[in-house]
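Written out below as structure tokens is the structure these notes cover.
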Amino acid sequence: MDITHILDGLNDAQRDAVTAPVNSTLVLAGAGSGKTRVLVHRIAYLIQVEKISPWSLTAVTFTNKAANEMKHRIEVLLKEPVNNMWVGTFHGLAHRFLRMHHIDAELPKNFQILDSDDQHRLIKRLTKEMNLDDSKWQPRQTQWFINKQKDDGLRADKLNHDGDPYKRQMLNLYKEYENICRRTGVVDFAELILLTYETIRDKKHIQDHYQKRFKSILVDEFQDTNNIQYMWLRLLCGKSNNLFVVGDDDQSIYGWRGARVENIQEFQKHYIDTKIIRLEQNYRSTNNILSGANSVISNNASRLGKNLWTEDGDGELIKLYGAFNEIDEARFVVNRIRSDIDEGSSRSEIAILYRTSAQSRLFEEALIQQEIPYRVYGGVKFFERAEVKDALAYLRLTNNYDDDSSFERAVNRPARGIGSKTIETIRLYAKNSKCSLWQAGKKLLDEKLFTQRAENSLKAFYSLIEEAKISIEDLDLPQKVDEIIHRSQLKDYFNKSRDGKGQDRIENLDELINATRQFKYLDDQETASDLDAFLAHAALESGEQQADFTEDSVQLMTLHSAKGLEFNIVFICGMEEGLFPHSMSADDPIRLEEERRLCYVGMTRAMKYLYISYAESRRLHGSDTYPFASRFLREIPSNLIEEIRTKSKTSGPYTSPSGSLRDAQEITGYQLGQRVFHPKFGEGTVLNAEGQGAGARIQINFESVGSKWLVVSYANLSTL
DNA sequence: ACAAATACTGTTTTT
DNA sequence: CAGTATTTGT
């Protein structure tokens, strides 16, 4: 068998990974080291050399984009479609599994997926129903609690409140939430994974089938797996050591969401004879950029260790700009972009990265002023838009009357005279007789318990849904959606709303019909109908504004969403203490390391030019702040930095690049993040500092009393 | 049942 | 400050 096409163009480490024995393998793949390439070639190798049928392979990713790209590249390499191979996201594969095995999973055939917004609304409703004060029992917190438990594989009945009243109430909510989900046939994101895990664990015949079937399981971005995902992988793999995982501990930036970098470390413990391969040659950035990034990340204590290198030349120095304020920063960045474009750069090769999405606004304004086309990533996704969800709610209701979330959403939108009082009655009845809202309403109608007005309105709603269900039965998918939108009169409703967004909303509804036309219903999705498949698609792929082949434009996004991408010219903005690292992470060393990894991710996006900027003054929620330059800047060796100064510095001696950064240590004698001891308040962490000389004050977060501002000269602090 | 007024709250978000 | 969420008033 000629396998040159599989191995050609790979470096030694990549080739090692691709041809590794079919056994547990851990590939530590640094940024820009060709990890997708390795995965794709590995799969080709398994199929063509190891003669493993695609049917016995699974490749798991986190994003639909990554899954699609992988699938595409495999097909290009193999020159044939790979249809019977499982390639998808954790959630996508779990969903497919549950559709196939819905009986074993004890789910209704047409179960629906609850996205996080739906989940939030449901929990909010539940909190109210249980007569809990939602300022004390915040739905967001409850949601977080429930998902956290599920991510750890824990069911409510397995948990103990240990006498903690808060936890006890959380568990009550968790239990009740689960009851409603079960009753109404909906499954949230975390549940998809957990239930899949439990079904495979508890049904021996299913477990046997999959453990025998999968000869190799490949995992992308392994550092982002959470507890239950890893448990799931281990279960699927069974006693055979057939996991091939690729990841980079230095790019783990989703810890706040349950991702456990520790899974990488534990992997080597769980599978003793794991072959570890490091991909350290970087094919993306210049040496200066890479050295800067390496130097920053080397400040993290908990690392597996890895040092990227490149054969590329040194390239340009990292450019640093200290702006007067955030407006000056935006002006600087956009002026630079202007000249880069004038010199021939294409706009899509330029990215502006920032820590928080709120920062995008100033750049947008400046770009508009210069008439430079741009695109902001993130924000509300297509399938998450209110109007789209409204239309989908009607569709879902026709599909499953018991879907409470959709019932709540559709029942009075557009307003049809079913007010809060009526709905309240229905909710109460549903709660007491443990049935869905739909059934409750039906019963109440039968028992004539409404006012005439409410009865008429509600009856009209029921006939609307029931008639719609019948009328769309034999239509094809786009027609179904068209018909539903028509019958629901959503367009009229948005047309009348004069909040300026009515037209946009109507266009989005048309776009929804369009999306169904683009949607390819594959029978292998195991869903009952094309409608089920489309609804699942809408929930699982919230609509990465796919193939939005618009104009060549400058790319704006948060550092998080930049992961996995690369650009010729990268601007990282707002490099200030409090913003990046974000103040919410400042006093926790673990979260601080995650911020540093985020910085590393950002820097390694740049191929040729890396600009970093910070502002000496920034307006934040209405008031002016005077932040310090980010500590991460000081972690870049100064010989790699070239400071750009447009400020008229007419007097004073030349200061070295790093010396001109306003430095907390120089002013107060204390380093940000440093541990200190105060005779009265005990131990704490230095968060911030301001002022000079005798008046200098520092902010310290004390373990005992929380955060306080103290005047350095009186505070009598000692360092730890 | 709706619009207007007021209060609140500020991270990141693959699914 | 600015966007959202909830409460208030008609």
Side-chain angles (χ1 to χ4, degrees), chain A residues 60-68 88-95 113-120 124 128 134-135 138-140 144 147 150-151 187-193 220-221 223-226 229 251-259 326 353-359 361-362 377-381 383-384 386 412-423 453-454 457 496-499 536-544 557-565 574 578-586 591 594-595 597-599 601-602 618-625:
Chain A
V60 201
T61 64
F62 276 85
T63 68
N64 292 298
K65 202 172 143 204
N68 293 335
T89 62
F90 276 98
H91 299 268
L93 295 182
H95 171 251
I113 299 169
L114 215 60
D115 71 18
S116 25
D117 185 51
D118 296 332
Q119 187 186 35
H120 178 70
K124 210 158 125 186
K128 226 176 242 157
D134 63 1
S135 57
Q138 288 178 13
R140 282 250 164 269
W144 186 84
N147 290 336
K150 289 190 177 191
D151 285 347
V187 170
D188 62 50
F189 286 139
E191 182 74 15
L192 283 171
I193 313 271
D220 189 18
E221 306 275 22
Q223 77 282 353
D224 289 340
T225 49
N226 63 29
Q229 286 162 340
Q251 292 189 69
S252 161
I253 55 174
Y254 286 105
W256 49 276
R257 233 186 146 169
E326 74 278 13
L353 310 182
Y354 35 76
R355 174 68 237 261
T356 69
S357 20
Q359 286 166 259
R361 226 195 60 214
L362 285 159
Y377 282 75
V380 203
K381 310 263 180 35
F383 286 114
E384 287 168 354
N412 202 31
R413 199 175 170 102
R416 48 172 69 82
I418 305 172
S420 46
K421 203 157 41 73
T422 313
I423 296 172
R453 244 169 78 111
S457 312
K496 281 188 206 112
S497 85
R498 71 229 154 242
D499 59 350
H537 168 82
L540 252 25
E541 310 197 20
S542 38
E544 181 49 40
M557 67 192 83
T558 62
L559 287 148
H560 281 91
S561 30
K563 190 171 85 161
L565 305 175
L579 196 58
F580 190 29
H582 198 276
S583 52
M584 304 296 286
S585 311
R591 301 179 74 182
E594 183 155 310
E595 297 274 321
R597 291 194 291 267
L598 191 55
C599 180
V601 166
R618 181 178 295 271
R619 229 177 145 70
L620 227 49
H621 341 284
S623 50
D624 285 322
T625 61

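Labels below follow one simple rule: chain letters A, B, ... track the order of the sequence lines, proteins then strands, and each chain is numbered from 1.
Proximity of A/Gln119 to A/Asn147: side-chain heavy atoms (C-beta onward) are separated by under 4.5 Å at one or more points. Using a 4.5 Å heavy-atom cutoff, the side chains of A/Ile113 and A/Leu540 are in contact. A/Glu541 is not listed as a side-chain neighbour of A/Phe383, based on a closest heavy-atom distance of 4.5 Å or more. Proximity of A/Val60 to A/Gln229: side-chain heavy atoms (C-beta onward) are nowhere separated by under 4.5 Å.
To the nearest angstrom, P of B/dT15 lies 12 Å from CD of A/Gln229. The interatomic distance linking A/Ile193 (CD1) with B/dT14 (P) rounds to 16 Å, in whole Å. With rounding to whole Å, A/Met557 atom CE is found 15 Å from B/dT12 atom C1'. Counting to the nearest Å, the P atom of B/dT12 and the NE2 atom of A/His582 are 7 Å from each other. Spacing between atom OH of A/Tyr354 and atom C1' of B/dT13 amounts to 14 Å, rounded to whole angstrom units. Spacing between atom NZ of A/Lys381 and atom C1' of B/dT14 amounts to 8 Å, rounded to whole angstrom units. In this entry the distance linking CG of A/Leu620 with C1' of B/dT11 reads 12 Å, nearest Å. Regarding A/Glu221, its CD atom lies at a distance of 12 Å from the P atom of B/dT15, rounded to whole Å.
Of the side-chain N and O atoms in A/Ser623, none sit less than 4.0 angstrom from OP1 or OP2 of C/dC1. Contact between the side-chain N/O atoms of A/Lys563 and the OP1/OP2 oxygens of B/dT12 is not found at any separation under 4.0 Å.
The side chain of A/Asn412 sits closest to B/dC2 out of B/dT14, B/dT11, B/dC2. Out of B/dT13, C/dC1, B/dT15, the shortest distance to the side chain of A/Ser116 is found at B/dT15. Distances from the side chain of A/Arg361 to the nucleotides C/dA2, B/dT15, C/dC1 place C/dA2 closest. Looking at the side chain of A/Phe62, the nearest of the listed nucleotides B/dT15, B/dT13, B/dT14 is B/dT14. Which of B/dT12, C/dC1, B/dT15 sits closest to the side chain of A/Thr89 comes down to B/dT15. Checking B/dT11, C/dC1, B/dT15 against the side-chain heavy atoms of A/Leu540 singles out B/dT15 as nearest. Closest to the side chain of A/Trp256, out of B/dT15, B/dT13, B/dT11, is B/dT13.
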Expected rows: protein N/O vs nucleotides 4-8 of chain C N/O, under 3.5 Å:
unit_1 : atom_1 : unit_2   : atom_2 : d
C/dT6  : OP1    : A/Lys124 : NZ     : 3.3
C/dT6  : OP2    : A/Lys124 : NZ     : 3.4

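Residue contacts shown for A/Asp224 include a base, since a base heavy atom lies under 4.0 Å away. Residue-level contact check: A/Arg597 touches neither bases nor backbone, having no heavy atom under 4.0 Å from any strand. Among the protein residues, A/Phe90 comes within range of no part of the nucleic acid, since none of its heavy atoms lies under 4.0 Å from any strand. Within 4.0 Å (heavy atoms only), A/Ser357 reaches sugar-phosphate atoms of the nucleic acid but no base atom.
The salt bridge (Lys or Arg N to Asp or Glu O under 4.0 Å) search around A/Arg591 returns none, not counting sequence neighbours.
Mapped onto DNA chain B by nearest heavy atom, A/Gln138 and A/Glu594 fall at different nucleotides, with A/Gln138 at the one closer to the 5' end.
A gap of 24 Å separates the C1' atoms of C/dT6 and B/dT11, to the nearest Å. When the C1' atom is used for both C/dG3 and B/dT14, the distance is 25 Å, rounded to whole Å.
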Could you walk me through whether A/Lys381 and A/Asp115 pass the salt bridge (Lys or Arg N to Asp or Glu O under 4.0 Å) test, one step at a time? CA-CA 12 Å; A/Lys381 310 263 180 35; A/Asp115 71 18; over 6 Å; no
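Between A/Phe90 and A/Phe62, the two ring planes are tilted [angle within 30° to 60°].
Residue side chain A/Arg257 reaches the base of B/dT15 through a donor-acceptor N/O pair under 3.5 Å, judged by distance alone.
Atom CG in A/Asp224 sits 10.0 Å away from atom OG1 in A/Thr63 (nearest 0.5 Å).
In terms of modelled atom types and a separation under 3.5 Å, the side chain of A/Gln251 and the main chain of A/Lys563 share no donor-acceptor contact.
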